[in-house]
Amino acid sequence: MTAAFEPWNETRGAEIIAEHANQEGATLVILHAIQEAFGYVPEAAIPMVAQALNLSRAEVHGVFTFYHDFRHKPAGRHVLKLCRAEACQAAGGDVLAARAEAKLGVSLGSTTPDHRVTLEPIYCLGLCATAPSAMLDGRLIGRLDQNRLDALVAEAQR
Amino acid sequence: MSLRLFVSRDAGAIAVGADEVALALVQAAATRGVAIEIVRTGSRGMYWLEPLVEVATPQGRIAFGPVTEADVPSLLDALASNTPHLLRLGATDEIPWLKRQTRLTFARCGVIDPRSLDDYRAHGGYKGFERAVSLGPDAILNEVTASGLRGRGGAGFPTGIKWKTVAQAKADRKFIVCNADEGDSGTFADRMIMEGDPFLVIEGMTIAGLTVGATEGYIYIRSEYPHAVEAMNAAIAAAKRGGYLGDKIGGSTSSFDLEVRVGAGAYVCGEETSLLESLEGRRGIVRAKPPLPAHHGLFGKPTVINNVLSFAAAPFILAEGAKAYADFGMGRSRGTMPIQLAGNIRHGGLFETAFGATLGELVDDIGGGTFTGRPVRAVQVGGPLGAYFPRALFDTPFDYEAFAARDGLIGHGGIVVFDDSVDMRKQARFAMEFCAIESCGKCTPCRIGSTRGVETIEKIINGERVAENLALVEDLCNTMKFGSLCALGGFTPYPVLSALKHFREDFVPAPSTLQAAE
Ligand SMILES: Cc1cc2nc3c(=O)[nH]c(=O)nc-3n(C[C@H](O)[C@H](O)[C@H](O)COP(=O)(O)O)c2cc1C
Ligand code: SF4
Ligand code: FES
């Protein structure tokens with residue numbers, strides 16, 4: 001399952017911003033909504049958010065860059081997140097992360113050159129009793145082992 | 001008669017195939033012409049048995065697990081014809097791992113349909129709220145204080161005192177904020193209760209609102225928990241429809257409303273003032289205290305901010321009385337703690353029990369040792385800012401003060417188990433690295449010190465001037481401890497120093513002369 005994102009479109013962006021702008025403390029809410037629609041937060045959206053919320057461009061940019069979730073550019077067609085926190089380390093996560101990197105030929109935090117897969121670290125999915133854990137495009141996977149990881153990587157590369 | 005089955009919709013169960021099992025049950029039932037009804041519950045917390053399938057019988061629920069898709073046809077045949085099955089675990093309530101617990105907060109989790117307000121009410125839901133309404137704010141405060149409840153987010157601050165401070169503050173608006181950022185590795189109790197018994201969180205926050213005179217609340221949930229976000233939103237909508245949120249809630253004269261806000265992948269936003277900044281739409285930079293959030297919190301207004309489990313304990317305390325809660329526990333740690341057993345563990349999951357069980361009991365006896373079957377070498381208690389304990393400290397009782405006395409903390413109640421293949425240098429390095437990644441940047445010792453820490457530990461790993469660099473790390477830890485505004489920089493030294501102290505042999509290779517003498 002690939003999340004289908006719309007291409008950036010200013011009118012659509014303005015609509016999304018207007019939809020949430022009257023909430024208190026709306027900056028994160030809006031950035032999330034933009035990313036949900038377009039798959040990332042386009043540079044052009046930042047001044048629009050600033051204007052709608054009566055903030056400076058620098059303030060909104062500061063918020064955007066502070067949080068790990070917000071993307072500067074579109075991710076690959078599939079996003080594979082591997083949990084790199086302690087409970088998953090204890091259950092063999094280090095070896096699996098290295099294996100995923102080797103299979104995909106990229107390191108955690110980057111996208112394959114063919115733009116199919118973005119491989120990312122995540123710090124705990126709350127599945128620590130069935131570690132190691134992963135998430136492929138929003139789908140949760142527990143008790144990851146070599147076979148399951150290989151299947152996930154293959155699925156992501158399709 | 002139709003078979004009534006229960007399959008968890010908890011994210012941890014879904015991650016190991018609960019959705020596929022539920023679907024396979026529906027399909028197998030259709031081909032066999034067996035009438036079934038599947039209730040998607042929360043999880044019982046026995047994750048090594050997930051996907052768990054339960055069936056209602058006149059004698060109570062019978063459990064089967066762990067069930068795979070391939071097991072479904074034979075399981076359904078056994079259920080329909082009432083014949084034995086290999087995966088049968090017996091009556092769920094009699095499973096020793098569940099029976100040994102004292103489930104006050106998690107009593108309904110895994111039992112009820114988390115989407116159903118009626119089911120919640122039928123299982124004692126809103127009893128605490130009703131008693132709270134009849135008691136009024138002062139008497140509620142007395143109950144919460146007398147229960148001895150301490151904040152379950154990590155710091156263990158008395159909840160009654162916090163609520164009283166906000167109750168006494170004068171303001172045109174007050175807020176109730178639920179900290180559902182649960183960033184600690186090895187913890188998932190907040191997630192489980194939000195997914196498995198979301199009305200409990202709503203009821204607890206509503207009671208807090210009644211007590212302090214707040215009519216608005218926010219639940220700040222980390223973005224890594226989409227299932228919890230969905231569950232809380234569904235429950236809030238149902239509570240609104242049922243008259244338990246909004247104006248004149250539950251037939252009282254009070255109003256209370258709630259909204260979910262989603263974090264954006266910053267660990268530090270679990271720190272309460274950082275969380276408030278984030279809720280206000282800003283960078284999650286930690287605020288200096290004072291002023292306390294109780295006086296000057298969200299949007300500058302008096303604010304109760306508590307962990308999910310702190311709110312979730314309130315309905316029981318109000319319904320059954322402070323004493324019923326305080327009767328459990330030891331010393332100044334009263335009541336129960338939902339302990340989370342995680343990492344390399346055989347019987348991982350949620351174990352709610354009175355304070356006082358020893359670490360050894362929890363890890364070896366209840367947790368069943370490691371999943372890999374190798375010896376347990378180290379456990380990290382209390383998340384990424386918690387200390388690593390060796391087996392030599394397994395007599396430590398699970399209690400705030402007992403852990404503090406041994407330079408550790410219980411934090412949010414997570415225990416992460418490592419077997420003897422662990423390299424403690426790597427764990428110490430990771431503690432520093434995590435601090436560097438997640439630092440809000442306000443204090444130099446945290447922001448820069450953590451990066452220096454990573455570099456220095458790397459030198460130790462590479463065998464460069466080990467003694468000198470170990471002294472440097474210790475020195476750095478002291479600077480971080482005393483020069484950091486919040487516990488991210490201030491407590492990162494705990495895992496690092498505990499690794500150095502209890503697992504010295506990993507850092508300093510045994511001198512060859514000694515080896516030769518042996
Ligand atoms: C870096 C850091 C992260 C924290 N993360 C959380 C968290 O995820 N959840 C939580 O409830 N408290 C967390 N806390 C503790 C909160 O600051 C605060 O003590 C808590 O929300 C108070 O609620 P309580 O009294 O009910 O525990 C964190 C603290 C620090 C310093
Ligand atoms: S200790 Fe670190 S996270 Fe905490 S306020 Fe200072 S810089 Fe921010
Ligand atoms: S540490 Fe990996 S899921 Fe919690």
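Throughout, a chain's letter reflects where its sequence line sits, starting with A, and its residues are numbered from 1. Computed from heavy atoms alone, side chains included, the values below leave out hydrogens, waters and symmetry copies.
- When all heavy atoms of A:C128 and B:G186 are compared, the pair lying nearest together is SG-N, 3.3 Å.
- The number of heavy-atom neighbours closer than 6.0 Å to CZ of B:R374, taken from other residues, nucleotides and ligands shown, is above 12.
- Using a cut-off of 4.0 Å between Lys/Arg side-chain N and Asp/Glu carboxylate O, B:R173 and A:E24 are scored as salt-bridged.
- In this structure, the portion of B:H227 lying under 4.5 Å from any heavy atom of chain A is its side chain and not its backbone.
- More than 12 non-hydrogen atoms from other residues, nucleotides or ligands lie less than 6.0 angstrom from CG of A:D114.
- Put simply, the side chain of B:E438 reaches to within 4.5 Å of the side chain of A:Y123, judged on heavy atoms.
- Nearest approach of B:V16 to A:R143, heavy atoms of both residues: CG1-CG, 4.3 Å.
- In terms of modelled atom types and a separation under 3.5 Å, the side chain of A:H32 and the main chain of B:G263 share a donor-acceptor contact.
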* To do: Tell me, with the steps shown, if B:S278 and A:Y67 meet side chain to side chain donor-acceptor pair (under 3.5 Å).
  => CA-CA 10 Å; B:S278 185; A:Y67 296 95; 2.9 Å; yes
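- Two residues are said to be in side-chain contact when any heavy atoms from C-beta on lie closer than 4.5 Å; A:Q89 and B:Q427 meet this criterion.
- Contact annotation for B:C269: only side-chain heavy atoms (C-beta onward) come within less than 4.5 Å of a heavy atom of chain A.
- In this structure, A:R84 fails the cation-pi test against B:F434, since its NZ or CZ atom is not both closer than 6.0 Å to the six-membered ring centre and inside 45 degrees of the ring normal.
- Atom NZ of B:K301 has more than 12 neighbouring heavy atoms from other residues, nucleotides or ligands inside a 6.0 Å radius.
- Taking CG of A:L28 as the start and OH of B:Y220 as the end, the distance is 6.0 Å to the nearest 0.5 Å.
- Of the atoms belonging to A:I122, it is side-chain heavy atoms, and not backbone ones, that fall under 4.5 Å from chain B.
- The environment of A:E101 atom CD is dense: over 12 non-hydrogen atoms of other residues, nucleotides or ligands sit within 6.0 angstrom.
- With chain A as the partner, the residue from B:D19, B:I14, B:V262 showing the most heavy-atom pairs under 4.5 Å is B:V262.
- Contact annotation for A:S133: neither backbone nor side-chain heavy atoms come within less than 4.5 Å of a heavy atom of chain B.
- Formation of a donor-acceptor pair under 3.5 Å by the A:T27 side chain with backbone atoms of B:R282 is not found in this model.
- For the residue pair A:C124 and B:G183, the shortest heavy atom distance occurs at CB-O, 4.3 Å.
- For the set B:S185, B:A189, B:A264, the count of heavy-atom pairs under 4.5 angstrom toward chain A peaks at B:A264.
- Using modelled atom types, one side-chain atom of B:R283 and one backbone atom of A:G62 make a donor-acceptor pair closer than 3.5 Å.
- Chain A is approached within less than 4.5 Å, heavy atom to heavy atom, by B:V416, B:V417, B:F418 from residues 415-425 of chain B, ordered by number.
- The candidate with the highest count of non-hydrogen atom pairs below 4.5 Å against chain A, out of B:W48, B:Y267, B:Y47, is B:Y47.
- Here B:A342 is the residue among B:A342, B:G348, B:G12 with the most heavy-atom pairs under 4.5 Å with chain A.
- Residues A:F66 and B:I285 are in side-chain contact: their nearest non-hydrogen atoms beyond the backbone lie under 4.5 Å apart.
- Smallest separation of non-hydrogen atoms from A:A91 and B:G343: CB-O, 4.2 Å.
- Interface residue B:D184: only backbone heavy atoms are found under 4.5 Å from chain A.
- For B:E259, the part lying near chain A is the side chain, with the backbone staying farther off; criterion is any non-hydrogen pair under 4.5 Å.
- No part of B:L298 comes within reach of chain A, as not one of its non-hydrogen atoms sits under 4.5 angstrom from that chain.
- Between B:F430 and A:A85, the closest heavy-atom pair is CZ-CA, 4.3 Å.
- Between chain B and the residues A:Q23, A:Q35, A:H68, the largest count of heavy-atom pairs under 4.5 Å involves A:H68.
- Neither the backbone nor the side chain of B:E277 comes within contact range of chain A, judged by heavy atoms closer than 4.5 Å.
- The greatest number of non-hydrogen atom pairs below 4.5 Å with chain A, out of B:I437, B:L350, B:V268, is found for B:I437.
- Only the side chain of B:P226 comes within contact range of chain A, judged by heavy atoms closer than 4.5 Å.
- Top candidate by heavy-atom pairs under 4.5 Å with chain A, chosen from B:H347, B:R191, B:R261, is B:R261.
- Neither the backbone nor the side chain of B:E50 comes within contact range of chain A; no heavy atoms are under 4.5 Å apart.
- When the candidates A:L31, A:L127, A:L144 are compared by the number of heavy-atom contacts under 4.5 Å with chain B, A:L127 comes out ahead.
- Only the side chain of B:Q380 comes within less than 4.5 Å of a heavy atom in chain A; its backbone stays farther off.
- Scanning all heavy atoms of the two residues, the minimum distance from B:A11 to A:L140 falls at CB-CD1, 3.4 Å.
- In A:E15, the CD atom is crowded: over 12 heavy atoms of neighbouring residues, nucleotides or ligands sit closer than 6.0 Å.
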